[in-house]
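FYI, side chains are in, hydrogens and waters are out, and symmetry mates aren't considered; it's all heavy atoms of this structure. Each residue takes its place number in the sequence, starting with 1.
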Amino acid sequence: MSEAASDYPRITRRTLHDEVLERLRDMIIEGRLAPGQRINEGLVGAQLGVSRTPLREAIKTLASEGLVEILPAKGAVVRRFSEQDLAGILEVLKTLEQLGGRIACAEASDEAIEAIHTLHKQMLVLYETRNRLEYFKLNQAIHSAIVAASGNAALMEMHATLQSRIKRLRFVGNEGPVKWAGAVAEHEEMMAALLKRDAVELSRIIGVHMDSTLLRVREVL
């Protein structure tokens with residue numbers, strides 16, 4: 001556990017499973033709990049101000065998402081991904097998002113597309129203020145919203161499962177002004193294509209974005 005983890009905000013509403021889950025997920029995304037590190041329930045629980053019961057429930061959820069592994073004799077460990085793992089997940093995510101984007105361009109309501117546009121504008125504000133964690137969460141919400149705009153529940157479920165597994169890697173992949181600016185520029189192009197309902201262009205830029213993500217993240221593995 002890094003010393004920085006001691007500064008993590010304590011949870012006062014101890015019965016809120018979603019809040020415990022979000023805090024623990026954020027600790028993994030930000031690297032406060034590093035890949036391969038065992039999650040010390042007593043220590044983390046004390047830092048967050050919660051008992052072991054809600055913490056264990058949160059760990060179970062993160063294990064189902066693929067962010068945590070439960071190992072014999074070690075307990076809960078933050079999952080470590082190889083380059084091959086990352087490449088495989090991003091390849092499938094790219095295909096899912098391209099499909100979702102094509103359907104959204106053809107079938108999504110104007111209101112749904114405008115809602116995504118609103119998220120995009122909010123994300124740009126967070127980029128300008130350099131709020132990386134909240135920017136990242138909104139960035140991921142936009143990817144999910146494009147898929148959701150397809151109205152295909154099976155597609156949404158598969159996308160959510162895979163997207164959750166590599167949150168930490170995608171977060172660190174935007175470290176540094178050049179990488180971050182590149183990701184934002186790609187999102188600008190994605191939004192422009194969606195607003196025009198240009199399925200071909202949206203599919204193309206989603207492919208570029210995912211391929212670029214692999215290159216950006218590969219350097220930090």
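- Closest approach of Leu24 to Ala58, counting heavy atoms only: CD2-CB, 4.1 Å.
- The side chain to side chain donor-acceptor pair (under 3.5 Å) test applied to Glu157 returns no partner, not counting sequence neighbours.
- Residues satisfying the side chain to side chain donor-acceptor pair (under 3.5 Å) test with Ser164, not counting sequence neighbours, are none.
- Considering every non-hydrogen atom in both Ala108 and Ile113, the closest pair reads CB-CG1, 4.1 Å.
- For the pair Glu57 (side chain) and Pro54 (backbone), a donor-acceptor distance under 3.5 Å is absent.
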| message | Would Lys137 and Asp26 count as a salt bridge (Lys or Arg N to Asp or Glu O under 4.0 Å) here? Give the steps. | response | CA-CA 10 Å; Lys137 290 179 180 179; Asp26 286 350; 2.9 Å; yes
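- When the side chains of ILVMFWY residues are joined at heavy-atom separations under 4.5 Å, either directly or via intervening members, Ile142 and Val125 end up in two distinct hydrophobic clusters.
- A cation-pi arrangement is present between Arg130 and Trp180, with the terminal nitrogen or guanidinium carbon under 6.0 Å from the aromatic centre and inside a 45° cone about the axis.
- Applying the side chain to side chain donor-acceptor pair (under 3.5 Å) criterion to Lys167, with sequence neighbours excluded, gives no partner residue.
- Among residues at least two apart or in separate chains, salt bridge (charged side-chain N to carboxylate O under 4.0 Å, His left out) pairs with a member in residues 65-77 are Arg25-Glu65.
- When the side chains of ILVMFWY residues are joined at heavy-atom separations under 4.5 Å, either directly or via intervening members, Val77 and Ile166 end up in two distinct hydrophobic clusters.
- Here salt bridge (charged side-chain N to carboxylate O under 4.0 Å, His left out) pairs that include residues 87-113, with residues two or more places apart or in two chains, are Glu91-Lys94, Lys94-Asp211, Asp110-Arg197.
- Remark: side-chain polar atoms of Ser64 are paired, donor with acceptor, to backbone N or O of Thr61 under 3.5 angstrom.
- Nearest heavy atoms, Gln140 versus Gln163: OE1-CG, 3.2 Å.
- Taking hydrophobic clusters as Ile, Leu, Val, Met, Phe, Trp and Tyr residues chained together by side-chain heavy-atom distances below 4.5 Å, Ile146 shares a cluster with Val208.
- Paired with Glu134 under the rule side chain to side chain contact (heavy atoms under 4.5 Å, CB included), one option of Thr129, Leu126, Asn139 passes, and it is Leu126.
- Among residues two or more places apart in sequence or in another chain, the side chain to side chain donor-acceptor pair (under 3.5 Å) test is passed with Ser82 by Asp85.
- Aromatic ring pairs are classed by plane angle as parallel below 30°, tilted from 30° to 60° and perpendicular above 60°; the pair Tyr135 and Tyr127 is tilted.
- The only member of Glu189, Glu186, Arg204 that meets side chain to side chain donor-acceptor pair (under 3.5 Å) when paired with His209 is Glu186.
- Contact check on Glu175 versus Lys179 returns no salt bridge, with no Lys/Arg side-chain nitrogen under 4.0 Å from an Asp/Glu carboxylate oxygen.
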